[in-house]
Engineer: 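Sharing a structure below in structure tokens format, with a few things to ask.
Just so it is clear: chains get the letters A, B, ... in the order the sequence lines come, proteins before strands, and each one is counted from 1. Quantities reported herein were computed from a predicted structural model and do not represent experimental measurements.
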Amino acid sequence: GQQVMQIPQYQHVQEGEDFTTYCNSSTTLSNIQWYKQRPGGHPVFLIQLVKSGEVKKQKRLTFQFGEAKKNSSLHITATQTTDVGTYFCAGDFGNEKLTFGTGTRLTIIP
Amino acid sequence: DVKVTQSSRYLVKRTGEKVFLECVQDMDHENMFWYRQDPGLGLRLIYFSYDVKMKEKGDIPEGYSVSREKKERFSLILESASTNQTSMYLCATAGTGYSGELFFGEGSRLTVL
């Protein structure tokens with residue numbers, strides 16, 4: 001079946017360090033979304049990328065969609081304790097449903 | 001703000017019991033979804049619905065059924081609960097098509113003994 005692979009599964013960083021999570025698909029995506037889930041919470045939408053090569057920024061977060069629309073990344077600059085949580089990508093293969101990655105759990109060492 | 005309310009945050013059921021998980025949304029969204037979340041597996045789609053009385057199978061529909069009799073309410077049914085259905089169940093809605101922004105409920109953690 002169509003899958004979205006996400007790495008790493010876990011990431012521990014010192015506060016102030018950067019963080020990146022990656023998603024890859026073997027087939028072209030129509031679009032990709034990113035969600036954040038705080039510990040004990042539910043996923044919350046962050047952004048949607050649609051265009052090939054698209055780059056979007058939200059304060060310290062930078063989202064990229066690959067030229068071939070098969071991969072995407074989320075980069076956080078200078079992490080803060082409020083960034084703790086699990087980050088999910090969710091890809092649309094054009095088959096009427098989103099396919100979620102397995103998530104990257106980010107922990108921050110103060 | 002969109003509000004997606006799931007009827008129970010925590011449930012404990014016995015093997016073989018029938019389980020109902022209810023989800024109600026207040027934003028008049030057409031599309032509603034049921035996911036289950038398990039460690040290391042992410043979110044997997046069980047069923048979704050894009051209209052009243054309409055339902056579509058997701059990636060893991062086996063052992064589940066759904067009901068959508070009213071636009072605002074989407075129910076997940078486990079006809080005969082099994083231990084491998086112990087999980088976090090998340091309801092979500094989307095107003096702009098099946099691949100629009102998803103709004104999630106708080107989740108229902110089901111334990112089947």
Engineer: Look at the side-chain heavy atoms of Ile, Leu, Val, Met, Phe, Trp and Tyr, link any pair under 4.5 Å apart, and say whether B/L11 and B/V24 land in one connected group.
Structural biologist: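 B/L11 and B/V24: separate clusters.
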Engineer: Taking every non-hydrogen pair under 4.5 Å, which of B/P39, B/G58, B/G107, B/G105 racks up the most with chain A?
Structural biologist: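 The residue among B/P39, B/G58, B/G107, B/G105 with the greatest pair count is B/G105.
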Engineer: Around atom CZ of A/F45, are there more than 12 heavy atoms from other residues, nucleotides or ligands closer than 6.0 Å?
Structural biologist: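 More than 12 heavy atoms, drawn from other residues, nucleotides or ligands, come within 6.0 Å of this atom.
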Engineer: What part of A/Y10 gets within 4.5 angstrom of chain B, counting heavy atoms only: side chain, backbone, both, or neither?
Structural biologist: neither
Engineer: How close do A/Q33 and B/L102 get, heavy atom to heavy atom, and via which atoms?
Structural biologist: OE1-N, 4.3 Å
Engineer: Is the count of non-hydrogen atoms from other residues, nucleotides or ligands lying under 6.0 Å from B/K71 atom NZ greater than 12?
Structural biologist: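 Yes - once you tally the heavy atoms of other residues, nucleotides and ligands closer than 6.0 Å, there are more than 12.
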Engineer: When rounded to the nearest 0.5 angstrom, what is the spacing between CD in B/E101 and CD in A/Q48?
Structural biologist: 9.0 Å
Engineer: Does any heavy atom of chain A fall under 4.5 Å from the side chain of B/L41, the backbone, both, or neither of them?
Structural biologist: backbone
Engineer: For the candidates A/Q6, A/Q37, A/Q9, which exhibits the highest count of non-hydrogen atom pairs separated by less than 4.5 Å from chain B?
Structural biologist: A/Q37
Engineer: Treating Ile, Leu, Val, Met, Phe, Trp and Tyr as nodes and any side-chain heavy-atom pair under 4.5 angstrom as an edge, say whether A/F19 and A/L61 lie in one connected cluster.
Structural biologist: yes
Engineer: For atom CZ of B/R9, decide whether the heavy atoms of other residues, nucleotides or ligands shown that lie under 6.0 angstrom number more than 12.
Structural biologist: yes
Engineer: Taking atom CG of B/D38 and atom OG1 of A/T102, what is their separation to the nearest 0.5 Å?
Structural biologist: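 With rounding to 0.5 Å, CG (B/D38) is 12.5 Å from OG1 (A/T102).
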Engineer: Output yes when a side-chain donor or acceptor of B/Y35 lies under 3.5 Å from a complementary backbone atom of A/F100, and no otherwise.
Structural biologist: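 Answer holds: no.
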Engineer: First locate atom CG of B/D59, then atom OG1 of A/T99, and finally report the distance between them rounded to the nearest 0.5 Å.
Structural biologist: 5.5 Å
Engineer: Are A/F88 and A/F63 connected in the hydrophobic side-chain network, where two residues link if heavy atoms are under 4.5 Å apart?
Structural biologist: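 In one cluster: no.
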Engineer: Supply the atom-to-atom distance A/Y35 OH to B/L43 CG, rounded to the nearest 0.5 angstrom.
Structural biologist: 9.5 Å
Engineer: For B/R109, does the CZ atom have more than 12 heavy-atom neighbours from other residues, nucleotides or ligands under 6.0 Å away?
Structural biologist: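 No, the 6.0 Å shell around CZ holds no more than 12 heavy atoms from other groups.
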Engineer: Are B/V66 and B/Y50 grouped together when hydrophobic residues (ILVMFWY) are joined by side-chain heavy atoms under 4.5 angstrom apart?
Structural biologist: no
Engineer: Against chain A, label B/Q37 side chain, backbone, both or neither, depending on which of its atoms sit under 4.5 Å from a heavy atom there.
Structural biologist: side chain
